[in-house]
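Okay, structure first, notes after.
Hydrogens, waters and symmetry mates play no part in the numbers below; they use all other heavy atoms, side chains included.
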Amino acid sequence: MTNALGDKIRKLRKAKGLTLDRLAEMSDSSKSYVWELENKNPPRPSGDKVARIAAALGVTADFLLNDAEVDASEKVVDAAFYRRYQNLDTSTKERIRQMVDVWSKGS
């Protein structure tokens, strides 16, 4: 028996070529915890762990937990990127802004 949360995690994990072990490592979780989220029905997610898994997969926790959204839209991916961007140091943010300026001049 599958669940929407588990299906999304599995689909995104496989699309990124991640094993259960690697996703667990990236999200500071155990392999068995990630497996349970993917396979148990109903899953019993921890908010903190779901947020870490979402970040590792490049989406938001809201997307993972929203049964109505099946595929990660550009809006979801952008929101996840911006959350990561907000946690970067000032010099890294400046370099990213400079790169975006260069790219936007070329289009």
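- Atom CZ in R95 sits 9.0 Å away from atom CG in L88 (nearest 0.5 Å).
- The side-chain heavy atoms of I9 and V50, taken from C-beta on, include no pair separated by under 4.5 Å.
- Put simply, the side chain of K75 does not reach to within 4.5 Å of the side chain of D78, judged on heavy atoms.
- Taking CG of D67 as the start and CG of N3 as the end, the distance is 8.5 Å to the nearest 0.5 Å.
- In this structure, the side chains of S29 and W35 stay at 4.5 Å or more apart for every pair of heavy atoms.
- Note that OG1 of T19 is 10.0 Å distant from CE of M26, once rounded to the nearest 0.5 Å.
- Salt-bridge formation is detected for the pair R10/D7: a Lys NZ or Arg NE/NH1/NH2 atom is positioned less than 4.0 Å from an Asp or Glu carboxylate oxygen.
- Residues S91 and D89 have side chains that bring a donor and an acceptor to within less than 3.5 angstrom of each other.
- Residue-environment remark: NZ (K31) stays at or below the threshold of 12 foreign heavy atoms within 6.0 Å.
- In this structure, R83 CZ and T60 OG1 are separated by 5.5 Å, a value rounded to the nearest 0.5 Å.
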Trace of the side-chain contact (heavy atoms from CB on, under 4.5 Å) decision for L18 with L57: CA-CA 9 Å; L18 301 173; L57 294 172; 4.1 Å; yes
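- In this structure, N39 contributes its side chain and G6 its backbone to no donor-acceptor pair below 3.5 Å.
- Pairing each heavy atom of A54 with each of A61, the nearest pair is CB-N, 3.5 Å.
- Rounded to the nearest 0.5 angstrom, K93 NZ and N87 CG are separated by 7.5 Å.
- Taking the charged nitrogens against the carboxylate oxygens, R13 and E38 do have a contact shorter than 4.0 Å, which makes a salt bridge.
- S46 pairs by the side-chain hydrogen bond (donor to acceptor under 3.5 Å, both in side chains) definition with nothing, not counting sequence neighbours.
- Residues D48 and R52 meet the side-chain proximity criterion, which asks for heavy atoms closer than 4.5 Å.
- Screening L12, L5, L23 for a side-chain contact (heavy atoms from CB on, under 4.5 Å) involving I53 leaves a single residue, L23.
- Annotation: ring-ring contact (aromatic ring centres under 6.0 Å, His included) contacts of Y85 (sequence neighbours excluded): Y82.
- Interatomic distance, R97 CZ to S104 OG, rounded to the nearest 0.5 Å: 13.5 Å.
- Judged by distance alone, the side chain of D28 and the main-chain N or O of A24 form no donor-acceptor pair under 3.5 Å.
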